[in-house]
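We name chains A, B, ... by the order of the sequence lines, and we start the count at 1 in each one.
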Protein chains: 2
Amino acid sequence: MTDKTYQYTHPHPAVTTDIVIFTVQDDSLKLLLIQRGVEPFKGQWALPGGFINMDEDLDHAAARELEEETGVCDVYLEQFKTWGAPKRDPRERVITVAYFAIIPSDKITLAAGSDADNVQWFDYQKLPALAFDHADIVKQAHETLVDKLKRTTVVIQFLPEEFTLTQLQRIHEIILNEDIDKRNFRKWVESLDYIQATGKKETGSAHRPAMLYTATTPDNIQPAKWGKRENKAVAKVDDETRQVIHRQGYNEGLEAAMKQLKGLRK
Amino acid sequence: MTDKTYQYTHPHPAVTTDIVIFTVQDDSLKLLLIQRGVEPFKGQWALPGGFINMDEDLDHAAARELEEETGVCDVYLEQFKTWGAPKRDPRERVITVAYFAIIPSDKITLAAGSDADNVQWFDYQKLPALAFDHADIVKQAHETLVDKLKRTTVVIQFLPEEFTLTQLQRIHEIILNEDIDKRNFRKWVESLDYIQATGKKETGSAHRPAMLYTATTPDNIQPAKWGKRENKAVAKVDDETRQVIHRQGYNEGLEAAMKQLKGLRK
DNA sequence: TCAAAAGTGTTGACCTTACACCCATGT
DNA sequence: ACATGGGTGTAAGGTCAACACTTTTGA
């Protein structure tokens, strides 16, 4: 690929996908950032992401970036907004299709493996200054997350295949940043038929072991939300925009991730 | 602008904004399509839209296209999804940031002015075959509209500044395609403080004149929805993604529209 | 037997739904 | 005076929110 190989009769912007990767760890909401090694914004933290390939779908590009960055795939991934202010990247016009991803706690160790160098989980409450307009993107992603929490059960994606109701409640509490009544929360879960007891019980706790639950639909993503009403709104959930983007394999990404960490994206 | 003027070291896709323009007319939901005058899909109907300029925001591009196509501005416009399958345009890789717009019934005549040639309103129930992946985009836009109807009051945007409750109810009925109980609907409206009686009354009707109402917030866009529950979901409305994109002027667009109709976009 | 978290029911307030008749105006 | 759409109330059922104690286990 030599210089100026690609020529067009009209100006074309560059197109990237950036991913806001959420997880819950140490009882708080975290997101994954990478430290930039080149100008502009050298040394600052930014969202993982990169240019789309010309022969891949946007979803595919996001899934690829995610896997390269974290070694994780088969994870909840959703496009939420496209950003395109003319000067958002000082080098050239860049359109960024933003995605958010939810990584379950039991896959985190994988992602943590990538932490080696210039990739790091940050507490959502204590984010560093971000490059480009990434602070805006993160803010919007968080709002989308809260909105989804209130209207869907996507947040199950933060948990392993089998989980206790207390764990699920904690996820809700962490993201909403408010306490939830245990009885009411459980009544809500009972009313959903896609969250079901497995019959198995937690082991190894120094107290009464909790029942393990699991989500019954393939994608764990179902309408319905519990919580205080913010207003009189009633929701239908838009099923179209929800998806888990599956990619083959699961761990193959790790190796790629290690390699990629040396290079810098964007 | 000569051939191959724009050169890059990496391949760049083209980026367009396409707009799904809704209105309610003759008691049914319509959308605006333009007929393609060039290959591919020559003669087929497609969404209005076009390439973004390198110095304008995405929202601005959409607003500009909208004004060029319909002569209307200062109208509800919202980005809802970006489409980027590799072969969606057979000529080159095209990323399309899709918007939807709501045009109030009293501004329609303007848009109808553009109807002259190859632009036309279609009943949503009777759409022709669409070019590219525009059928998918339209479907998604409609789902977004229904979803918003149930959770917000955006649909006020279909109506003039002052409207009767029967008109508002009709909009709901047309979009949901089901009848609504008048008393309950009015109770719901009463419960909102951003829809208020003006004190004025309708004139010229051969029956008891209806009270005129108006929306009190600048953008007429507020959480809250009335209707049958589809599930137990409760919504918080994401305020960030809502906006009316205002542009200066209002009618200046007409002239531009007429000019543009001769040229073809995309 | 104690500590620690799991688990469970009831009530009052409010919202949602279903339903039918009188009112104000123009012709 | 009549035709046309405008406008209103009530009761039953369901959902939400607030609240505290008993159970099961491991140490």
Side-chain angles (χ1 to χ4, degrees), chain A residues 27 149-151 159 162-174 176 178-193 195-214 223-237, chain B residues 27 149-151 153 159 162-174 176 178-193 195-214 223-236:
Chain A
D27 228 46
L149 174 110
K150 296 187 177 181
R151 294 167 37 212
L159 294 172
E162 300 190 326
F163 52 88
T164 68
L165 295 187
T166 301
Q167 287 178 310
L168 184 56
Q169 181 173 343
R170 265 300 33 225
I171 300 287
H172 282 246
E173 289 173 336
I174 288 163
L176 292 175
E178 69 186 36
D179 291 344
I180 295 174
D181 180 274
K182 205 201 317 186
R183 285 162 289 192
N184 292 341
F185 184 80
R186 281 157 190 254
K187 261 177 282 182
W188 169 70
V189 172
E190 258 169 54
S191 78
L192 307 173
D193 31 295
I195 297 182
Q196 285 178 346
T198 58
K200 288 183 248 175
K201 293 193 172 183
E202 201 188 20
T203 58
S205 58
H207 54 79
R208 174 172 176 177
M211 179 71 79
L212 289 170
Y213 286 73
T214 193
K225 177 42 210 132
W226 175 89
K228 278 190 185 163
R229 297 197 168 195
E230 303 258 324
N231 49 53
K232 296 183 188 154
V234 172
K236 184 193 170 297
V237 188
Chain B
D27 228 45
L149 175 111
K150 295 186 177 183
R151 296 167 37 215
T153 54
L159 294 172
E162 299 190 325
F163 52 88
T164 68
L165 295 188
T166 301
Q167 289 178 311
L168 184 56
Q169 181 174 340
R170 269 287 48 218
I171 299 288
H172 282 246
E173 288 174 335
I174 289 164
L176 292 176
E178 70 186 35
D179 290 345
I180 295 174
D181 182 274
K182 205 200 318 188
R183 285 161 291 191
N184 292 340
F185 184 79
R186 280 157 191 255
K187 262 178 282 182
W188 169 70
V189 172
E190 258 169 52
S191 78
L192 308 173
D193 31 291
I195 296 182
Q196 284 179 346
T198 58
K200 288 184 249 176
K201 292 193 173 182
E202 201 188 21
T203 58
S205 57
H207 54 79
R208 176 172 174 177
M211 180 71 78
L212 289 170
Y213 285 74
T214 195
K225 176 44 210 129
W226 175 89
K228 279 188 186 164
R229 295 198 169 196
E230 304 256 325
N231 50 52
K232 297 184 185 154
V234 172
K236 185 193 170 295

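- Residues B:S191 and B:R186 have side chains that never bring a donor and an acceptor to within less than 3.5 angstrom of each other.
- Remark: B:K187 pairs with no residue by the salt bridge (charged side-chain N to carboxylate O under 4.0 Å, His left out) rule, at least two apart or across chains.
- The side-chain hydrogen bond (donor to acceptor under 3.5 Å, both in side chains) search around A:D27 returns A:R170, not counting sequence neighbours.
- Heavy atoms of A:T166 sit under 4.0 angstrom from primed sugar atoms or phosphate atoms, though from no base atom.
- The interatomic distance linking B:F185 (CZ) with C:dT17 (C1') rounds to 16 Å, in whole Å.
- Among the nucleotides D:dA17, C:dT17, D:dT8, the one closest to the side chain of B:N184 is C:dT17.
- Distance, A:F163 CZ to C:dA6 P: 14 Å, rounded to whole Å.
- Under the 4.5 Å side-chain criterion, counting only non-hydrogen atoms from C-beta, A:T164 is not in contact with A:L159.
- Spacing between atom CZ of B:R186 and atom P of C:dC21 amounts to 19 Å, rounded to whole angstrom units.
- For A:E190, there are no salt bridge (charged side-chain N to carboxylate O under 4.0 Å, His left out) partners, not counting sequence neighbours.
- Taking atom CH2 on A:W188 and atom C1' on C:dG9, their separation rounds to 20 Å, with Å as the unit.
- Between A:E178 atom CD and D:dA17 atom P the separation is 10 Å, expressed in whole Å.
- Each of A:R183 and A:K201 lies near DNA chain D, and the nucleotide nearest A:R183 is the one positioned closer to the 5' end.
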Quick one: side chains of residues 204-214 of chain A, donor-acceptor pairs under 3.5 Å with protein atoms, not counting sequence neighbours, listed by atom name and distance.
residue, atom, partner, partner atom, Å
A:S205, OG, A:H207, O, 3.2
A:T214, OG1, A:E161, O, 3.0

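- Rounding to whole angstrom units, CG of residue A:L165 and C1' of C:dT8 are separated by 13 Å.
- Atom CD of B:E190 and atom C1' of D:dG9 are 11 Å apart (whole Å).
- Among the nucleotides D:dG6, D:dA20, C:dG7, the one closest to any side-chain atom of A:K182 is C:dG7.
- Remark: A:Q169 engages A:E173, A:I180, A:K182, A:F185 in a side chain to side chain contact (heavy atoms under 4.5 Å, CB included) (not counting sequence neighbours).
- A donor and an acceptor atom never sit less than 3.5 Å apart when one is taken from the side chain of A:K187 and the other from the base of C:dT8.
- In this structure, the CD atom of B:E202 is 12 Å from the C1' atom of D:dT4, given to the nearest Å.
- For residues 203-212 of chain A, proximity to DNA chain D is found at A:S205, A:A206, A:H207, A:R208, A:P209, defined as any non-hydrogen atom under 4.0 angstrom from a strand atom.
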